[in-house]
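In what follows, a single structure is set out as structure tokens and then discussed.
If you're wondering where the values come from, they're calculated on a predicted model, not measured in any experiment. Throughout, protein chains are lettered first and strands after them, A, B, ... in sequence-line order, and every chain is numbered starting at 1.
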Amino acid sequence: MTLSLATWNINSVRLRMPIVEKFLDEKQPDVLCLQETKCQDDLFPAEPFAQRGYVHQAIHGQKSYNGVAILSRLPLAEIDSRDLCGVGHARHISAVFEAGGKVIRLHNFYVPAGGDEPDREANPKFGHKLDFVEEMKLLHSEAEAGRSSILVGDLNIAPLEHDVWSHKQLLKIVSHTPIETEGLTEAMRKGNWLDLMRQHTPEPTKLYTWWSYRSADWSAADKGRRLDHVWSSHDLGPHLEAIEILREARGWDKPSDHVPVMARFAF
DNA sequence: ATGGTCGCGCTGCGA
């Protein structure tokens, strides 16, 4: 049996429904995790997902900003959202499902972008980002006995040299500063998480999941960053069959600035 | 080259 799972920062789920439907019809993931849904739960477009078989829905939204959701063809249990940093932002949701004889805890995160200035004194949004990552260090992939874990989402940090178009030019740019990349690496190490995208495609191959809107020709310039991630507990590593970054989605009509990342497991 | 483009929801804020 197989499991396919996708993560996508959608930058407004309501505006993006035409391309979300196109993606689901073409790729048919079992589970889809969305970030930046930017809508309250009572305005979430639940029906088009349900019509495609995604009848199990865990949504945690807020007006205008943030918002995360898990849309699933597999039953979801123990749905839970955490308020990291205690500021009331909708940036996390988790649920438990079964696949391949395993019970899997799935975490879906939207880490704060952190503003422009990489200085926590001058820029409180950067401090919030660092504090958020600090809390993520407490999340262990083996936190629940007998259960596997998957952590996905827009983590807004490109941790490795080849996760950005120019390591040197981005060292002082928020998303690739040493304090952020070391923080994310430490969260991965402390929680004993596997970076499945890099297990499948090691460095020095460049991997990007985001290209700025502020670029005339995003594809030719190709100044991307790997901000979206798929992590798992170590027991799932041998079951990973493929990772696919759907680069073409950046060129679809009215695109998000992020593209879907898919992971396929075989059991 | 230090700009540029989005989305929300109606004014600037966040990305």
(request) Quote, to the nearest angstrom, the P distance that separates B:dG3 from B:dG7. (result) 23 Å

(message) Nearest whole Å is fine: how far is B:dG12 P from A:Asp116 CG?
(response) 19 Å

(request) Hey, can you tell me if A:Phe109 and A:His92 have their rings parallel, tilted or perpendicular (30° and 60° cut-offs)? (result) tilted

(request) Map A:Thr37 and A:Tyr213 onto DNA chain B by nearest heavy atom, then report which one ends up closer to the 5' terminus. (result) A:Tyr213

(request) Would you mind telling me which residue lines up with the more 5' stretch of DNA chain B, A:Ser12 or A:Ser215, judged by nearest nucleotide? (result) A:Ser215

(request) Select one nucleotide: of B:dC6, B:dC8, B:dA15, the one nearest the side-chain heavy atoms of A:Arg214. (result) B:dA15

(message) Classify A:Arg250 by what it touches in the nucleic acid, base, sugar-phosphate, or nothing, heavy-atom distance under 4.0 Å.
(response) nothing

(message) What is the distance, to the nearest angstrom, from the CG atom on A:Asp154 to the C1' atom on B:dG14?
(response) 13 Å

(request) Look at the rings of A:Phe44 and A:Phe49 and say which category their plane angle falls in: under 30° parallel, 30 to 60° tilted, over 60° perpendicular. (result) parallel

(message) Looking at B:dA15, I'd like to know if its phosphate oxygens (OP1 or OP2) sit under 4.0 Å from a side-chain N or O belonging to A:Arg91.
(response) yes

(request) Supply the members, apart from A:Leu15, of the Ile/Leu/Val/Met/Phe/Trp/Tyr cluster built from side-chain contacts under 4.5 Å; use none for a lone residue. (result) none

(message) Which nucleotide wins on minimum distance to the side chain of A:Lys63, given the candidates B:dC10, B:dC13, B:dC6?
(response) B:dC10

(message) Just the rounded figure in Å: distance from P of B:dC6 to OH of A:Tyr65.
(response) 19 Å

(message) Any side-chain N or O of A:Arg14 below 4.0 angstrom from OP1/OP2 of B:dG7?
(response) no

(request) Please state whether the rings of A:Phe267 and A:Phe265 are parallel, tilted or perpendicular, taking 30° and 60° as the class boundaries. (result) parallel

